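In what follows, a structure is listed as structure tokens, so that the remarks can point back to it.
Treat the numbers as computed from the prediction; the structure is a model and nothing was measured.
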Amino acid sequence: MTPIRTAIIGGGKVGHLHARALRDLPQAEFVGVCSRTAANAEHFAHLYHVQAYTDIARMIKELRVEAVIICTPHPAHADPAVIAAQHGAHLLIEKPLAATVEDCDRIIAAADRVGVKLGVVSQRRFYEPIQRMRAAIDTGKIGIPMLGTVIMHGWRDRAYYESDAWRGTWDQEGGGVLVNQAPHQLDLLQWFMGEVTEVYGYHSNINHPYIEVEDTAVAVLRFANGGVGSIVVSNAQQPGMYGKVHIHGSSGASVGAQVESGAMFIAGMTSVIAPPFNDVWTIPDEEHFIDAWRAEDAAHFEQIDAALYYLHKQDEDFLDAIIMDRDPLVTGRDGRATVAIFSAIYRSQHEGAPIRFPLEG
């Protein structure tokens, strides 16, 4: 197997996690980093023994880069993605795919035009409890998924919002908890429940007066399979309690997972403090599995660096998708579906009405 020549665009906090993953993956030959400033690029390149650039096209051409991981702030995903695609590089983009549906469509169109792979980072799909839920749904153990619920009660303090100038602003971050923290949970909800047909939502800033954007949002959803769902996400509970995704099926059986516990993970600033686990499992004759799984997952968690381990799995999946010429687990269109959900919540509050899908830019 010839390794994929891979580079990172954006030398911020999450870029370092991807650099560590690429350094350890046999599928990758990590060769370069591109950042807006030469000083940042040089510092990052020195740490990982790669070449530094401030020009994406030049980096791809000179280093013969075959794939890039884009780790810029999300409102700045589209331009580098389009440039990289135009020069033939496959694209793995940090969540969310973009801050707007319009930018998602630009990225997808650019990738489609030249036939490169497009993936979006949503590493919680690789959590063992989440994989069990997906397998149960795929094998029909709960019937048709008919009710999906997401609840995420977390916290972000002033130091977090001041750690980068773009945080907490509409023009540079594109939104608050919906755009930055909730995409993981929104991705899981639509992955389990399927295509969304309607969203009605509200958002508010409860206790972060020093930021422009929302720290809390709620919504109800309809899905194409006839199912319904609810979303409650917030950064306003100190120090943070939990994040849960539960799916209830037409058979009466339910599956669920707590994917976040206590203070929430912040890339480059904190660690993952507790293992994810299945907290609901009512499939007949399988109810007793849940305690053994929790012990198994806790033991596994003690052996890994969870912040890096699941990102490593995502990067590996993407490189394997290139090598095997298949779709990555999380596609660009999956990423667009997540952006469409949070965009619809914003539009719904603005218009005071439910928003029908498909959502156009």
Following the transitive rule for hydrophobic clusters with a side-chain heavy-atom cut-off under 4.5 Å over Ile, Leu, Val, Met, Phe, Trp and Tyr, establish whether [X] and [Y] coincide in one cluster.
X: Val116; Y: Ile56; result: no
X: Leu178; Y: Trp170; result: yes
X: Leu308; Y: Leu319; result: no
X: Leu329; Y: Ile70; result: yes
X: Trp191; Y: Met146; result: no

Under 3.5 Å, is there a donor-acceptor pair linking the side chains of [X] and [Y]?
X: His246; Y: Asp279; value: yes
X: Glu214; Y: Tyr202; value: no
X: His184; Y: Glu260; value: no
X: Trp281; Y: Glu286; value: yes
X: Gln51; Y: Glu62; value: no
X: Ser348; Y: Glu351; value: no

Using a strict 4.0 Å threshold on nitrogen-to-oxygen distance, state whether [X] and [Y] make a salt bridge.
X: Arg167; Y: Glu162; value: no
X: Arg125; Y: Asp334; value: yes
X: Asp138; Y: Arg134; value: yes
X: Arg132; Y: Glu296; value: yes
X: Arg106; Y: Asp103; value: yes
X: Glu66; Y: Arg5; value: no
X: Lys13; Y: Asp164; value: yes

Answer yes or no: are there more than 12 heavy-atom neighbours, outside [X] itself, under 6.0 Å from its atom [atom1]?
X: Arg222; atom1: CZ; answer: no
X: His350; atom1: NE2; answer: no
X: Ile144; atom1: CD1; answer: no
X: Arg326; atom1: CZ; answer: yes
X: Arg294; atom1: CZ; answer: no
X: Arg23; atom1: CZ; answer: yes

Look at the side chain of [X] and the backbone N and O of [Y], then say whether any donor-acceptor pair between them is shorter than 3.5 Å.
X: Asp317; Y: Pro328; value: no
X: Asp215; Y: Ala236; value: no
X: Ser163; Y: Tyr161; value: no
X: Ser35; Y: Gly10; value: no
X: His153; Y: Asn235; value: no

Mutual orientation of the aromatic rings belonging to [X] and [Y] [parallel < 30°, tilted 30-60°, perpendicular > 60°]:
X: Tyr48; Y: Phe30; answer: tilted
X: Phe318; Y: His90; answer: perpendicular
X: Trp155; Y: His208; answer: tilted

Practice task
Applying salt bridge (Lys or Arg N to Asp or Glu O under 4.0 Å), run through Asp112 and Arg333 and close with a yes or a no.
Solution key: CA-CA 11 Å; Asp112 286 349; Arg333 285 173 172 79; 2.7 Å; yes

Practice task
Test Ile8 against Val68 for side-chain contact (heavy atoms from CB on, under 4.5 Å), laying out the working first.
Solution key: CA-CA 5 Å; Ile8 288 174; Val68 298; over 6 Å; no

Exercise for the section: Only one of Leu25, Leu47, Leu311, Asp305 passes side-chain contact (heavy atoms from CB on, under 4.5 Å) with Arg20; say which it is. Expected result: Asp305

Completion exercise
Rounding to 0.5 Å, atoms CG (Leu186) and NZ (Lys95) come to a distance of 10.5 Å

Problem - Steps toward side-chain contact (heavy atoms from CB on, under 4.5 Å) verdict (Thr37, Glu42) - result: CA-CA 9 Å; Thr37 65; Glu42 292 287 352; over 6 Å; no

Problem - Sub-6.0 Å ring centroid separation between His300 and Tyr309 - result: yes

